[in-house]
Amino acid sequence: MTYPHENITNTLEICETCTLDKCKPNHCYKISSIHFPSNAIKERLASFGVVRGALCTMLCIAPNKSTLSIQVNQTLVALREEEARLICVEPIS
């Protein structure tokens with residue numbers, strides 16, 4: 001399944017912080033914005049608690065970096081790298 005995110009050439013230009021795919025395991029982040037072109041994907045992730053302002057913890061990244069897992073509240077969420085690249089986050093100290 002591919003996502004029509006080709007029109008978003010560089011998400012870092014949109015984000016003033018970093019994207020979720022660049023985060024380090026066992027660190028906590030606050031979701032600052034989500035840039036999915038499809039409302040269906042936004043709604044699916046929102047049902048898991050992946051929304052602007054939510055705190056998430058990066059749990060692990062697959063060795064080939066194709067998927068990663070995060071924890072939002074008590075929910076574990078697996079994301080594709082393409083999806084994580086469209087979620088902007090700020091580190092929580």
Open item on the list: Before you tell me yes or no, could you show the steps for Leu79 and Leu45 under side chain to side chain contact (heavy atoms under 4.5 Å, CB included), namely the whole-Å CA-CA distance, both residues' side-chain angles and the distance that decides it to 0.1 Å?
Closed with: CA-CA 9 Å; Leu79 297 170; Leu45 291 175; 3.6 Å; yes
Open item on the list: Using side chain to side chain contact (heavy atoms under 4.5 Å, CB included), reason through Met58 and Leu20 one step at a time and then give a plain yes or no.
Closed with: CA-CA 8 Å; Met58 173 65 69; Leu20 197 54; 4.2 Å; yes
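Distance alone, capped at 3.5 Å, places no donor-acceptor pair between the Ser33 side chain and the Cys88 backbone. Using modelled atom types, no side-chain atom of Tyr29 and backbone atom of Thr19 make a donor-acceptor pair closer than 3.5 Å.
In this structure, Asp21 CG and Glu83 CD are separated by 11.5 Å, a value rounded to the nearest 0.5 Å. Separation of atoms CD1 (Ile92) and NE2 (His27) is listed at 12.0 Å; rounding is to 0.5 Å. The structure places CZ of Arg85 at 7.0 Å from NZ of Lys22, a figure rounded to the nearest 0.5 Å.
Using a 4.5 Å cut-off on side-chain heavy atoms (C-beta onward), Ile31 and Cys56 make contact.
Taking the salt bridge (charged side-chain N to carboxylate O under 4.0 Å, His left out) definition, one finds that Glu90 meets it with nothing, sequence neighbours left out.
Scanning all heavy atoms of the two residues, the minimum distance from Ile87 to Phe36 falls at CG1-CE1, 4.1 Å. For the pair Cys18 and Cys23, the tightest heavy-atom approach, listed with the atom from each and the gap, is SG-SG, 4.3 Å.
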Let me check something: any side-chain donor-acceptor pairs from residues 62-73 under 3.5 Å, sequence neighbours excluded? List them with distances.
from, atom 1, to, atom 2, distance (Å)
Asn64, OD1, Ser66, N, 3.1
Asn64, OD1, Ser66, OG, 2.8
Asn64, ND2, Ser66, OG, 3.4
Gln71, NE2, Asn73, O, 3.0

